[in-house]
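Shown next, in structure tokens, is the structure this report addresses.
Residue numbers start at 1 and run along the sequence shown.
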Amino acid sequence: MTTTPQPRTQWLGRWGFILAATGSAVGLGNIWKFPYITGEFGGGAFVLVYLACILAVGVPVMMTEIALGRRGRGSPIDAIRRVVGESGRGSAWSLLGWMAMLCGFLILSFYVVVAGWSFSYLWKMLSGGLAGSSVEEMAAIFGANNASPLNLGFWSTLVTVATMVIVGKGVQAGIEKSVSWMMPGMVVMLLILIGYGIFSGGFGEAVRFLFSFDAGSLSSAGMLAALGHAFFTLSLASGAILTYGSYLPARASIARTTLSVALADTLVALMAGLAIFPVIFANGMSPSSGPGLIFMSLPLAFQAMPLGTLFGILFFVMLSMAALTSSISMVEATVSWLTDNKGLSRRAASWGTGIVLWLVSTLAMLSFNVGADWTLAGKHFFDWLDYLTSRWMMPLGGLGMVLLAGFVLRSETFREELGLSAGWHALWLFMVRYVSPLGILVIFVDALGITRVEFALHWPWLLAVLVVITLVGELASPRLRRMLCP
């Protein structure tokens with residue numbers, strides 16, 4: 001038996017969803033990680049493999065989540081329960097919704113700390129607190145920034161409060177209105193920074209670093225990096241996209257909308273590379289991964305260039321907006337569930353969630369200072385949040401979503417919701433049944449370090465495995481359905 005969805009607020013238009021979902025996808029990882037791994041693993045060759053992984057894994061899973069959200073018109077828990085009930089399946093599948101909602105909340109619990117770095121560095125850039133003459137001095141500033149629980153706690157609290165203020169105003173007046181200027185503003189700032197980079201003297205080297213087609217440097221490790229980043233960059237299996245999909249108007253095409261978000265996410269990541277690396281190369285610096293590039297090398301490079309302070313401020317404004325749009329999406333699933341099921345107003349649900357979030361994020365923040373010695377199995381609380389969400393909950397949640405769509409639910413459900421032609425629907429079904437699960441399993445096994453999977457990441461091996469899985473899956477499909485649907 002299913003419950004009838006309550007009347008639900010919707011995005012004012014398709015572009016509202018695209019901007020919100022792109023804002024969810026474009027976070028701190030896009031600004032530093034994607035450009036770096038692109039240059040490290042073959043430039044243009046890596047980009048082509050990454051796009052293939054987006055199409056093979058990211059897009060089918062994202063389409064599935066949006067369709068589940070729009071069909072169920074509710075939070076991840078409610079939407080999945082309604083859709084499986086419509087197909088006459090067991091309510092146990094709603095556990096996927098619980099895991100997705102919890103995953104998004106836990107990610108945000110440590111993400112607000114990282115986002116706080118962006119806001120604190122914006123203030124340092126404005127106030128002149130980033131005066132250093134070497135990377136070592138910048139590293140000392142970064143360390144001092146994290147060593148003070150009052151300082152780090154203030155900035156992570158600021159991110160939490162800003163997130164809850166926006167989410168508390170509602171889908172249209174809060175989320176859609178904020179992303180409608182933050183996302184275009186971020187793109188405009190990226191274009192200005194790219195223009196600045198063109199005249200910096202390092203633009204040509206940056207273009208070669210990012211786009212030179214060097215297939216020989218694309219190792220199996222590079223393919224794993226492309227596959228993993230393609231899955232995680234779209235905010236999949238964290239409740240954000242499914243909840244945003246529940247606000248999508250019925251007339252909007254899920255396929256076109258998903259492709260628009262994937263394309264926008266990739267373009268913003270490449271634009272970030274064209275904004276960052278010219279400044280790095282112009283100052284004779286070597287690009288490095290992780291926060292070192294953004295919070296140590298780049299501020300030093302800006303200091304050495306004409307008008308560097310102005311453009312440094314512009315960069316950290318952009319970085320802060322990217323962090324905030326991602327934070328907004330990760331808490332929406334929890335707020336949506338509270339308003340739908342507990343009778344709370346939008347504002348009460350937002351601030352109630354914010355208080356719990358602040359308590360958990362404070363524990364994560366303390367991992368960098370007074371709680372530096374509080375470890376379990378060699379990991380701090382911050383590390384545990386990252387480990388559980390990125391290595392367990394997101395891959396398992398994504399795998400559950402595609403198994404649910406491919407083998408459990410009635411095929412008519414997605415045929416009606418996606419509105420695809422017979423040929424395109426057959427392709428989507430093949431991807432969610434076989435290609436996407438295979439990709440997610442590769443990510444999962446590699447992330448856990450159970451065994452080395454690089455040997456399998458060659459096209460002959462992958463094609464052979466895919467053919468075998470497809471044949472076995474089609475032959476066992478009725479039995480598999482009975483097993484998954486007791």
Side-chain angles (χ1 to χ4, degrees), residues 21 23-30 33-34 37 50 53-54 56-66 68-69 75-77 79-80 93-112 114-115 224-245 258 261-262 265 269 326-334 337 357 360 364 379 382-406 431-432 435-450 453:
S24 174
V26 175
L28 299 178
N30 284 67
K33 186 175 181 180
F34 180 78
I37 60 178
Y50 169 77
C53 293
I54 282 280
V57 178
V59 168
V61 178
M62 193 174 195
M63 288 176 64
T64 300
E65 290 200 28
I66 296 172
L68 285 170
S75 68
I77 300 165
I80 292 177
W93 283 97
S94 63
L95 290 174
L96 281 176
W98 282 102
M99 185 164 66
M101 189 175 78
L102 179 62
C103 180
F105 184 86
L106 293 180
I107 290 173
L108 185 57
S109 297
F110 69 86
Y111 189 82
V112 294
V114 181
L224 274 173
L227 185 59
H229 196 70
F231 181 79
F232 294 115
T233 189
L234 294 177
S235 299
L236 302 175
S238 61
I241 297 301
L242 197 152
T243 306
Y244 277 3
T258 303
V261 173
D265 177 62
S326 294
S327 297
I328 291 167
S329 71
M330 282 183 271
V331 77
E332 177 58 23
T334 303
W337 181 77
L357 174 66
V360 180
K379 289 183 174 63
F382 183 99
D383 300 326
W384 273 111
L385 291 175
D386 183 22
Y387 175 78
L388 290 173
T389 53
S390 65
R391 298 198 179 191
W392 284 93
M393 298 177 78
M394 290 182 78
L396 287 177
L399 185 62
M401 292 287 183
V402 291
L403 289 177
L404 177 65
M431 301 301 281
V432 297
V435 179
S436 296
L438 177 60
I440 295 170
L441 282 173
V442 168
I443 296 170
F444 185 55
V445 171
D446 179 71
L448 292 180
I450 298 173
V453 297

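Here the shortest heavy-atom pairing between S75 and W337 reads OG-CD1, 3.4 Å. Here the shortest heavy-atom pairing between A21 and V261 reads CB-CG2, 3.8 Å. Between P395 and I440, the shortest heavy-atom distance links the atoms O-CG2, 3.3 Å. Taking all atoms of both residues into account, the shortest heavy-atom contact from V402 to L399 is CG2-O, 3.2 Å. When all heavy atoms are compared, the tightest approach of G69 to A79 is CA-CB, 4.3 Å. The heavy-atom pair separating A237 from E65 by the smallest distance is N-OE2, 2.7 Å.
Here the CE-OH distance, from M62 to Y244, works out to 11.0 Å after rounding to the nearest 0.5 Å. Going from atom CD1 of I54 over to atom CG of L234 covers 4.5 Å, rounded to the nearest 0.5 Å. In this structure, CD1 in I241 is found 12.5 Å from OG1 in T64, a value given to the nearest 0.5 Å. Here the CG atom belonging to L385 is positioned 10.0 Å from the CE atom belonging to M393, to the nearest 0.5 angstrom. From I66, atom CD1 reaches atom OG1 of T243 across 11.5 Å, with rounding to the nearest 0.5 Å. With rounding to the nearest 0.5 angstrom, the CG atom of D265 is 8.5 Å from the CZ atom of F34.
Side chain of S24 to main chain of S235: no donor-acceptor pair is present (N/O by atom type, distance under 3.5 Å, no hydrogens or angles). A donor-acceptor pair under 3.5 Å is absent between the side-chain atoms of T233 and the main chain of V26, judged by distance alone. Looking at T389, its side chain does come within 3.5 Å of a backbone N or O of D386 through a donor-acceptor pair. Side-chain atoms of E332 never come within 3.5 Å of backbone atoms of A240 as a donor-acceptor pair (strictly under, hydrogens ignored).
Side chains of L68 and L404 form a contact here, defined as non-hydrogen atoms less than 4.5 Å apart. Between L388 and W384, the closest side-chain pair of non-hydrogen atoms falls below 4.5 Å. Side-chain contact between Y50 and I37 is absent, with no heavy-atom pair separated by less than 4.5 Å. Two residues are said to be in side-chain contact when any heavy atoms from C-beta on lie closer than 4.5 Å; L108 and T334 fail this criterion. Between M431 and V59, the closest side-chain pair of non-hydrogen atoms is not below 4.5 Å.
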ask   = Can you check side-chain contact (heavy atoms from CB on, under 4.5 Å) on L242 and I80, steps first, answer last?
value = CA-CA 9 Å; L242 197 152; I80 292 177; 4.2 Å; yes

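Residues forming a side-chain contact (heavy atoms from CB on, under 4.5 Å) with S326 (at least two apart in sequence, or on another chain): Y111, M330.
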